[in-house]
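Report on the following structure.
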Amino acid sequence: MPKDPDLMEKIVSLCKRRGFVYPSFDIYGGLAGFFDYGPYGLALKNNIKNLWWKQFVTNREDVYGIDSVIVTKKEVLQASGHARGFADMLSECEKCKRRFRADHLENTNKCPECGGKLGEARHFYMMLETHIGAAEDEASLAYLRPETAQGIFTNFKNIVDSFHPKLPFGIAQIGKAFRNEIAPRDFLFRLREIEQMEVEYFVKPEFWKDAFEMLRKEMVKFIETIGIRTDKVSELEISDEDRAHYSKRTIDFEFEFPFGKKELYGLAYRTDYDLGNHQSSSGVDLACLDEETKEKILPHVIEPSLGVDRSFLAVLCSAYTEDELGGEKRVYLKLNKNLAPVRAAIFPLLKNKPELVSKAREVYESLKLSANSYQLAYDDNGNIGKRYRRQDEIGTPFCITIDFDTLEDNTVTLRDRDSGEQTRVKIEELIRLIK
Ligand code: ATP
């Protein structure tokens with residue numbers, strides 16, 4: 001794919017025009033770092049999350065899924081180090097008062113916006129706060145979780161007590177997280193309200209390397225499953241100075257976004273940092289029994305952390321395609337079939353012929369019955385060419401047209417999104433073909 005300087009703009013505009021993603025509170029001028037998902041975006045996002053859940057939870061015997069609360073008791077985030085440590089070093093411009101992440105600055109003395117003098121870098125806390133109950137004081141302070149992981153650690157003992165899992169085992173969850181990012185930007189890349197898919201995989205300390213490698217491979221497999229271009233993904237070993245406060249080894253999976261090569265996902269060895277801290281802060285014993293040695297141990301943990309929104313953006317950047325078909329320019333999303341918001345669209349050739357319409361509705365209804373997990377669309381607006389273009393733009397892999405021949409021989413035209421090729425197939429064959 002040749003570099004296209006306008007690619008991001010095209011993706012943002014397609015997302016808005018076709019009901020994938022809208023800036024939140026648009027009618028009030030928007031709010032930086034917040035976006036809403038429309039019908040097609042939601043379908044695509046749910047497909048990403050479902051594929052992740054299937055791979056990391058349902059297809060495995062050693063991972064337990066949970067759904068914990070977002071509002072988090074402050075003691076939890078004090079113990080985890082977030083209330084102290086979850087802050088970026090920022091420098092404030094003495095002239096325009098804008099703040100910049102110190103690690104993003106080329107010149108740490110000069111404001112990149114107005115050229116003014118930058119002050120010393122200092123901490124800026126990144127958690128969103130709220131208060132529980134009537135009084136708004138220090139005692140009622142709580143946080144919106146900055147990662148889904150802490151809800152997993154606080155449920156660790158519950159899972160152990162209910163299920164008695166043997167090490168190694170994982171606890172997974174998908175959910176919202178909040179970060180008061182100083183410079184939200186690049187559409188869905190840096191948001192203030194995000195969604196994460198995380199597993200905390202608990203191991204005996206001596207086996208952390210095996211688990212790390214197993215999970216690294218699982219992440220590569222997931223990247224392939226959702227159709228992110230693997231030639232644009234690379235792994236970066238994070239150096240000692242740059243690693244998060246809790247980690248002993250971290251790999252970032254980076255993706256070449258149109259605005260540069262940036263972190264897509266992270267894989268971190270968090271040691272027993274979290275469980276150890278929660279154990280000493282809560283006073284509750286979190287050690288579990290090692291079946292072999294019959295000794296109690298505090299497990300270590302490996303964490304694959306994947307952003308849903310960054311996945312969504314990388315999928316779109318990978319899928320957005322412009323080409324020429326039948327002498328006409330077109331835009332289409334080359335989405336994997338299992339990801340496309342609409343799997344197949346069904347059209348009557350002409351909308352003013354009742355016999356075609358009724359046959360098309362019949363085909364649509366019967367396909368819907370067998371297509372339990374994916375969405376179909378019925379479209380009779382405009383001419384066939386326009387319908388194809390509309391479906392191409394949202395990445396629908398198959399278009400099915402009912403015409404006069406259908407009434408005679410029960411065959412339909414099946415059109416393939418990528419090649420534009422049309423074949424005549426029997427109605428009975430449709431389900432198998434679009435599956
Ligand atoms: P960055 O260095 O880009 O700020 P991070 O290292 O803080 O990211 P993690 O704390 O490792 O990110 O979060 C895990 C995952 O959550 C990231 O790999 C990314 O997919 C997602 N994520 C984190 N912050 C954001 C954000 N502000 N907007 C969208 N997704 C995010």
Any chance you could lay out the side chain to side chain contact (heavy atoms under 4.5 Å, CB included) test for R387 and N381, step after step, and finish with the verdict? CA-CA 7 Å; R387 295 179 204 160; N381 262 323; 5.5 Å; no

Could you please spell out the steps behind the salt bridge (charged side-chain N to carboxylate O under 4.0 Å, His left out) verdict for R216 and E235? CA-CA 10 Å; R216 191 190 65 74; E235 293 174 26; 2.9 Å; yes

Checking L191 against F34 for the side chain to side chain contact (heavy atoms under 4.5 Å, CB included) test, could you report, in this order, the C-alpha distance in whole Å, the side-chain angles of both residues, the deciding distance, and whether it holds? CA-CA 6 Å; L191 298 171; F34 294 90; over 6 Å; no

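By the side-chain contact (heavy atoms from CB on, under 4.5 Å) test, V76 is found to be paired with T72, K73, Q150, T154, H278, residues two or more places apart in sequence or in another chain being considered. Partners of K157 by side-chain contact (heavy atoms from CB on, under 4.5 Å), not counting sequence neighbours, listed by chain and number: D161, V284, L286. Contacts of D380 classified as salt bridge (charged side-chain N to carboxylate O under 4.0 Å, His left out), with partners at least two apart in sequence or in another chain: none. Residues satisfying the salt bridge (charged side-chain N to carboxylate O under 4.0 Å, His left out) criterion with E292, sequence neighbours excluded, are K204. Residues passing the side-chain contact (heavy atoms from CB on, under 4.5 Å) test with K221, sequence neighbours excluded: Q55, E218, T225. Remark: F35 pairs with F187 by the ring-ring contact (aromatic ring centres under 6.0 Å, His included) rule, at least two apart or across chains. In this view, F20 and Y40 satisfy the ring-ring contact (aromatic ring centres under 6.0 Å, His included) rule, not counting sequence neighbours. F163 pairs by the ring-ring contact (aromatic ring centres under 6.0 Å, His included) definition with Y64, not counting sequence neighbours. Not counting sequence neighbours, the partners of F202 by the ring-ring contact (aromatic ring centres under 6.0 Å, His included) test are F156, F169. Scanning for salt bridge (charged side-chain N to carboxylate O under 4.0 Å, His left out) contacts around K296 gives D285, with sequence neighbours left out. Residues satisfying the side-chain contact (heavy atoms from CB on, under 4.5 Å) test with D26, not counting sequence neighbours, are K16, P23.
Checked by atom type, the side-chain pair Y374/N338 shows no donor-acceptor distance below 3.5 Å. Of the N and O atoms on the side chains of R424 and T413, at least one donor lies less than 3.5 Å from an acceptor on the other residue. Inspection of the R390 and T396 side chains reveals no N or O donor paired with an N or O acceptor under 3.5 Å. In this model, a donor atom of one side chain and an acceptor atom of the other lie less than 3.5 Å apart for D409 and T411. Residues D36 and S24 have side chains that bring a donor and an acceptor to within less than 3.5 angstrom of each other. In this structure, a donor-acceptor pair under 3.5 Å is absent between the side chains of Q173 and T148. Side chains of N158 and N155: a donor on one and an acceptor on the other come within 3.5 Å.
Using a 4.5 Å heavy-atom cutoff, the side chains of E198 and L306 are not in contact. Side-chain contact between L90 and R101: present, with at least one pair of heavy atoms (C-beta onward) separated by less than 4.5 Å. E181 is listed as a side-chain neighbour of M126, based on a closest heavy-atom distance under 4.5 Å. The shortest side-chain heavy-atom distance between K74 and Y143 falls under the 4.5 Å cut-off.
Pairing each heavy atom of K248 with each of R243, the nearest pair is O-CZ, 3.3 Å.
Cation-pi check for R343 over F398 is not met; the charged atom does not lie both under 6.0 angstrom from the ring centroid and within 45 degrees of its normal. Geometrically, K45 does not engage F312 in a cation-pi contact, judged by NZ or CZ lying under 6.0 Å from the ring centre and within 45° of the ring axis. A cation-pi contact, defined as under 6.0 Å to the ring centre and within 45° of the axis, links R361 to Y378.
Residues K10 and D6 are not paired through a salt bridge, judged by the lack of any N-O separation under 4.0 Å between the basic side chain and the carboxylate. The pair K359-E362 meets the salt-bridge criterion, with a side-chain N (NZ, NE, NH1 or NH2) lying under 4.0 Å from an Asp/Glu carboxylate O. Checked for salt-bridge contact, K232 and E254 miss the test: no charged N lies under 4.0 Å from a carboxylate O. A salt bridge is absent between R330 and E393; no separation between the charged side-chain nitrogens and carboxylate oxygens falls under 4.0 Å. Taking the charged nitrogens against the carboxylate oxygens, E429 and K426 have no contact shorter than 4.0 Å, which rules out a salt bridge. The existence of a salt bridge linking D186 and R310 is excluded, since no basic side-chain nitrogen approaches an acidic carboxylate oxygen closer than 4.0 Å. Taking the charged nitrogens against the carboxylate oxygens, E195 and K176 have no contact shorter than 4.0 Å, which rules out a salt bridge.
Around CD of E9, the count of heavy atoms belonging to other residues, nucleotides or ligands within 6.0 Å does not exceed 12. For CD of E61, the number of neighbouring non-hydrogen atoms (other residues, nucleotides, ligands) closer than 6.0 Å is 12 at most.
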Run the side-chain donor-acceptor check on residues 257-265: report pairs under 3.5 Å with partners two or more places apart or on a different chain.
| from | atom 1 | to | atom 2 | distance (Å) |
| --- | --- | --- | --- | --- |
| K261 | NZ | S234 | OG | 3.4 |
| Y265 | OH | S311 | OG | 2.7 |

